[in-house]
Amino acid sequence: MIFDYEYFKREVLTLTGINLSCYKEAQMKRRIDNLISKYRIEGYDKYVARLRTEPKMFEEFINHITINVSEFYRDIDQWKVLEEKAIPELIQRFGKNLKVWSAACSTGDEPYSLVMAMSRHLPLSNIKVFATDVDKQIIETAKRGLYPEKSIAAVPADLKRRYFRQMGTEYKISDEIKSRVEFREQNLLRDVYPAGCHLIVCRNVMIYFTETVKDQIYRKFFQSLVLGGLLFVGASEQIMNHKEIGYFRKSAFYYQRAL
């Protein structure tokens, strides 16, 4: 048997359910090769053998390939648009009980930011955010709600005072915010998407996927949105064929399912 990268991708799919063929190959292969070199392991077959038998190495591998980089209110100007324009428009159109999905939510910074942004306009009791990620370990981290100071640097001062408590070198988000988020494990490349969403937030994730996979995901998001629903993407992400799919581009990072 040839223990090349194609072999490795097949083994990872069996082990994790994650299809590495959906990611940009040069970028992902470089990340994995660097991780293997860290342990001075020679060959993909030997690395796979250790992933099967060493839970800590396996967990590190999952965290590494799912690229869990996040922070609260990342790209603050985009969040201002969400808070000052998008959320009020959604409430005006659909009422107070919005269905909001944070896809590929990583360590929880994004869904918790969503709850805080929505709290400017709605009672917390009206807010529910569904948050999903492929990495079950990172979901557990999100549920704990503990963050370094750097992660919460962009949170507006009044919200920081109200909803965070310092615990040593970390900050714990309040239970009243945590209770408004429901975390679930989900693979965007394989699992069924929720229906009837008024707002989907998926930011700084699509840049790692191939063009074919991006198109498939954007089309699935489109089907998940109600008519007039919004998709909020990252600053460097664009849906090049948004008109073909059926989106109306409201701004550089907001796409609406046409009414």
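Atom set for the values below is all heavy atoms of this structure, side chains included, hydrogens, waters and symmetry mates excluded.
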* Under 3.5 Å, side chain of Tyr171 to main-chain N/O of Gly145, donor-acceptor pair present? -> no

* Criterion ring-ring contact (aromatic ring centres under 6.0 Å, His included) on Trp79 and Tyr73, from CA distance to verdict -> CA-CA 6 Å; Trp79 284 89; Tyr73 281 79; 5.3 Å; yes

* Asked: For Lys24, does the NZ atom sit with more than 12 other heavy atoms under 6.0 Å from it, leaving out its own atoms?
  -> yes

* Spatial distance of atom CD1 (Ile173) from atom CG (Asp109) [nearest 0.5 Å] -> 8.5 Å

* To do: Report yes if the side chains of Ser224 and Trp101 come closer than 4.5 Å at any heavy-atom pair, otherwise no.
  => yes

* Asked: Can you list every ring pair (Phe, Tyr, Trp, His ring centres under 6.0 Å) pair that touches residues 137-162, not counting sequence neighbours?
  -> Phe72-Tyr147

* Asked: Just how far is it from atom CG of Leu90 to atom NE2 of His121, taken to the nearest 0.5 Å?
  -> 10.0 Å

* To do: Go through the steps to decide whether Glu182 and Arg184 satisfy the test salt bridge (charged side-chain N to carboxylate O under 4.0 Å, His left out), and finish with yes or no.
  => CA-CA 7 Å; Glu182 181 180 329; Arg184 300 175 183 173; 2.8 Å; yes

* Asked: Does atom CD of Glu185 have more than 12 heavy-atom neighbours, drawn from other residues, nucleotides or ligands, at distances under 6.0 Å?
  -> yes

* Evaluate the side-chain contact (heavy atoms from CB on, under 4.5 Å) criterion for residues Glu83 and Met116: first the C-alpha distance (whole Å), next the side-chain angles of each, then the deciding distance (0.1 Å), finally the verdict. => CA-CA 9 Å; Glu83 192 173 292; Met116 288 189 287; over 6 Å; no

* Asked: With the 4.5 Å side-chain cut-off for hydrophobic clustering, are Val201 and Phe248 part of the same group?
  -> no

* Set of residues satisfying salt bridge (charged side-chain N to carboxylate O under 4.0 Å, His left out) with respect to Lys143, sequence neighbours excluded -> Glu140

* To do: Step by step, work out the side chain to side chain donor-acceptor pair (under 3.5 Å) result for Glu110 and Ser102.
  => CA-CA 7 Å; Glu110 183 178 276; Ser102 172; 2.7 Å; yes

* Asked: So is Arg203 actually on top of Phe232's ring, under 6.0 Å and inside 45° of the axis?
  -> yes

* Would you check if Glu60 and Lys38 make a side-chain contact, meaning some heavy-atom pair closer than 4.5 Å? => yes

* Angle class for the Phe61/Phe58 ring planes (parallel below 30°, perpendicular above 60°, tilted otherwise)? -> tilted

* Asked: Are any side-chain N or O atoms of His198 and backbone N or O atoms of Ile91, one a donor and one an acceptor, separated by less than 3.5 Å?
  -> no

* Asked: What closest approach, in Å, do Val205 and Ala104 show between heavy atoms, and which atom pair accounts for it?
  -> CG2-CB, 3.6 Å

* **Results of salt bridge (charged side-chain N to carboxylate O under 4.0 Å, His left out) for Asp45 - residues two or more places apart only** => none

* Indicate yes or no for a side-chain donor-acceptor contact from Glu237 to the backbone of Gly234 under 3.5 Å, with no hydrogens or angles considered. => yes

* Asked: Between Asn241 (side chain) and Glu244 (backbone), is there a donor-acceptor pair under 3.5 Å?
  -> no

* Structure fact -> Note: Val81 and Tyr254 closest approach over all heavy atoms is CG1-CE1, 3.6 Å

* To do: Answer yes or no: is there a donor N or O on one side and an acceptor on the other, between the side chain of Lys99 and the main chain of Ala195, under 3.5 Å?
  => yes

* Between the main-chain N or O of Ile239 and the side-chain N or O of His242, is there a donor-acceptor pair closer than 3.5 Å? -> yes

* Measure across Ala235 and Asp75 and return the closest heavy-atom pair with its distance rounded to 0.1 Å. => CB-OD2, 3.9 Å

* Asked: In the single-linkage hydrophobic clustering (I, L, V, M, F, W, Y; side-chain heavy atoms under 4.5 Å), do Leu146 and Ile139 co-cluster?
  -> no

* To do: For the pair Gln186 (side chain) and Val192 (backbone), establish whether a donor and an acceptor sit closer than 3.5 Å, ignoring hydrogens and angles.
  => yes

* **Tyr23 and Phe209 aromatic ring geometry - parallel, tilted or perpendicular at 30°/60° bounds** => tilted

* Asked: When the aromatic ring centroids of Tyr193 and Tyr218 are compared, is their separation below 6.0 Å?
  -> no

* Asked: Linking I/L/V/M/F/W/Y whenever any side-chain heavy atoms sit under 4.5 Å apart, do Leu51 and Tyr39 land together?
  -> yes

* Roughly how far, to the nearest 0.5 Å, is the CD1 atom of Ile62 from the CE atom of Met57? -> 13.0 Å

* CG/Asn187 to OG1/Thr132 distance, rounded to the nearest 0.5 angstrom? -> 10.0 Å

* For the residue pair Lys250 and Leu230, establish whether any side-chain heavy-atom pair is separated by less than 4.5 Å. => yes

* Asked: Pick one: which of Arg50, Arg52, Lys46 meets side-chain contact (heavy atoms from CB on, under 4.5 Å) with Val48?
  -> Arg52

* Stepwise, does the salt bridge (charged side-chain N to carboxylate O under 4.0 Å, His left out) test hold for Glu71 with Arg74? -> CA-CA 6 Å; Glu71 60 189 41; Arg74 185 175 180 179; 5.2 Å; no

* **Validation row: Lys178, Asp175 side chains within 4.5 angstrom (heavy atoms)** => yes

* Determine, for Glu211 against Lys214, whether the closest basic-nitrogen to carboxylate-oxygen distance falls under 4.0 angstrom. => yes

* To do: Step by step, work out the ring-ring contact (aromatic ring centres under 6.0 Å, His included) result for Tyr44 and Tyr7.
  => CA-CA 8 Å; Tyr44 290 118; Tyr7 155 83; 7.7 Å; no

* More than 12 foreign heavy atoms under 6.0 Å from CD of Gln166: is that the case here? -> yes

* Return yes if some donor-acceptor pair links the side-chain N/O of Arg180 with the main-chain N/O of Ile127 below 3.5 Å, else return no. => yes

* Minimum side-chain heavy-atom gap Met167-Arg165 below 4.5 Å -> yes

* Ionic contact status for Asp191 with Lys220, cut-off 4.0 Å -> no

* Non-hydrogen side-chain atoms of Leu82 and Leu114 separated by less than 4.5 Å -> yes

* To do: Answer whether the closest heavy-atom distance between the side chains of Asp133 and Thr107 falls below 4.5 Å.
  => no

* Report the distance from atom OG of Ser119 to atom CG of Leu159, rounding to the nearest 0.5 Å. => 5.5 Å

* **Any side-chain heavy-atom pair of Leu13 and Ile18 under 4.5 Å** => no

* Flag the pair Glu25 and Lys9 as a salt bridge only when some basic side-chain nitrogen lies within less than 4.0 angstrom of an acidic carboxylate oxygen. => yes

* Which is it for Leu35 and Arg30 under the side-chain contact (heavy atoms from CB on, under 4.5 Å) test, yes or no, and what are the steps along the way? -> CA-CA 9 Å; Leu35 190 57; Arg30 183 170 60 252; over 6 Å; no

* **In one Ile/Leu/Val/Met/Phe/Trp/Tyr side-chain cluster, 4.5 Å: Leu189, Leu15** => yes

* Name the orientation class of the two ring planes belonging to Tyr47 and Phe8 (parallel below 30°, tilted from 30 to 60°, perpendicular beyond 60°). => parallel

* Atom pair CE (Met28) and SG (Cys22), whose distance is rounded to the nearest 0.5 Å -> 10.5 Å

* Structure fact -> Residues Ser21 and Thr210: closest non-hydrogen pair is O-CG2, 3.9 Å

* Structure fact -> When every non-hydrogen atom of Val129 is compared with those of Met118, the smallest separation belongs to CG2-SD, 4.4 Å

* Checking Arg249 side chain against Tyr255 main chain: does a donor-acceptor pair fall under 3.5 Å? -> no

